[in-house]
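Data block below; observations after.
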Number of protein chains: 2
Amino acid sequence: MNKYVNILKEHEIKVTPQRLEIMKYLDEHREHPNVDKIYSALKKKNPSLSKTTIYNTLETLREHNIIQALTISGNELRYDFKNSVHHHFLCKECGQIFDIDVECPNLNKMLKDEYRVDEVHGYFKGECKACREKEEKRKK
Amino acid sequence: MNKYVNILKEHEIKVTPQRLEIMKYLDEHREHPNVDKIYSALKKKNPSLSKTTIYNTLETLREHNIIQALTISGNELRYDFKNSVHHHFLCKECGQIFDIDVECPNLNKMLKDEYRVDEVHGYFKGECKACREKEEKRKK
DNA sequence: TTAGATGCAAAGTGTTTGCAGCCTG
DNA sequence: CAGGCTGCAAACACTTTGCATCTAA
């Protein structure tokens, strides 16, 4: 838990139990949860937790570049503890978002001149292996 | 206008004036408009036009792969007439979305095995040239 | 002590749904 | 003529705002 205390202190923002719990949850649950998932998970431990706090905290952490918000799924934001640069794959069948580690070297190079690039996202949509296999079985 | 009639007929869906207007608008306005922009533009010509029709039509066109929906901006969907595969750059300053033509060859290759990839999106966030120049001027 | 964080309720915004009437094929 | 499309109003879902209370530093 000290890990998260340190991150907050480095960024000079207040250390609160709620913030620590949210960071810990995101760090330990890499399935890119939405606000509701985080909320209902942490509500169990701390019944007075408010959804507003989740929103506030996620926004604060995002501003400080500790986490990132994924817009991949269209109707809701998904959150991601920002350890490394990686891309994402959304399975249209099961809704899960998977991390993809692919580098695209000729990308940044071309952009640099015209644009100042702060974030590079790649995302893919389709069907994941598990869902494809399930589908195969159904057909048999 | 015949162009759009043909596209609809090829996909065996009904040809209606509303659909034609929406397609024409998207084809001629490549700034990736949101629903409201399309709605208010076309409402002028056809005051009885409903926003529901915009949503229905965009969804239908999307299902038929004629247009695509961009989730890049988080709080709303942006639409794009689907002529070619390309990526997008969102300027955080002015909100505009620009088309970017960069290929990433080693991408699909890696994905093929694990996933069935239907859509490949790349998007970048930052600041566009015009906004950067505006900012420079303000500083002087 | 005090600036900032929390949490409740209410408002806001973009999208979806239900349904009656209309139009394309 | 029939099934699909349109458009209105109401419902929804996710997020933001206003504000009183509480807490970390």
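Proteins get letters first, then strands, A, B, ... in listed order; numbering begins at 1 in each. Predicted model only: the values in this text are computed from it and were never measured. Side chains are part of it too, since the values below use all heavy atoms of this structure and drop only hydrogens, waters and symmetry mates.
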Q | Interface residues of residues 36-46 of chain A with DNA chain D (non-hydrogen, below 4.0 angstrom) | A | none

Could you tell me how far apart [X] ([atom1]) and [N] ([atom2]) are, to the nearest whole angstrom?
X      : N       : atom1 : atom2 : answer
I22(A) : dT6(C)  : CD1   : C1'   : 11 Å
H11(B) : dG4(D)  : NE2   : P     : 18 Å
E76(A) : dT15(C) : CD    : P     : 14 Å
Q18(B) : dG4(D)  : CD    : P     : 17 Å
Y79(B) : dG14(C) : OH    : P     : 13 Å
L8(B)  : dC5(D)  : CG    : P     : 10 Å
E21(B) : dG7(D)  : CD    : P     : 12 Å

Q.
Please give me the minimum heavy-atom distance between H88(A) and D80(A), naming the atom from each residue.
A. NE2-OD2, 3.2 Å

Q. Nearest nucleotide by nearest heavy atom, which residue falls closer to the 5' end of DNA chain D, K14(A) or N34(A)?
A. N34(A)

Pairwise side-chain contact, [X] with [Y], heavy-atom cut-off 4.5 Å (strictly under):
X      : Y      : result
F98(B) : H32(B) : no
I22(A) : I54(A) : yes
L58(B) : L26(B) : yes
Q18(B) : L42(B) : no

Q) What residue pairs, at least two apart or across chains, pass ring-ring contact (aromatic ring centres under 6.0 Å, His included) with a residue in residues 38-70 of chain B? A) H11(B)-H64(B)

Q: Would you indicate, yes or no, if dT6(D) has its OP1 or OP2 atom less than 4.0 angstrom from a side-chain nitrogen or oxygen of T16(B)?
A: yes

Q: Nearest-nucleotide wise, let me know which of L77(B) and K9(B) is further upstream toward the 5' end of DNA chain C.
A: L77(B)

Q: Apply side chain to side chain contact (heavy atoms under 4.5 Å, CB included) to V35(B) and Y79(B), showing your working.
A: CA-CA 8 Å; V35(B) 168; Y79(B) 291 88; 3.9 Å; yes

(Q) I'd like to know if the side chain of R78(B) reaches the main chain of L70(B), judged simply by a donor and an acceptor atom lying under 3.5 Å from each other, with no hydrogens or angles considered. (A) no

Q. Hey, is the main chain of Q68(B) close enough, under 3.5 Å, to the side chain of R62(B) for a donor-acceptor pair?
A. no

Q: Would you mind classifying the nucleic acid contact of I13(B) as base, sugar-phosphate or nothing, using non-hydrogen atoms under 4.0 angstrom?
A: nothing

Q: For DNA chain C, determine which residues of residues 47-64 of chain A have any heavy atom closer than 4.0 angstrom to one of its atoms, and list them numerically.
A: S48(A), L49(A), S50(A), T52(A), T53(A), N56(A), T57(A)

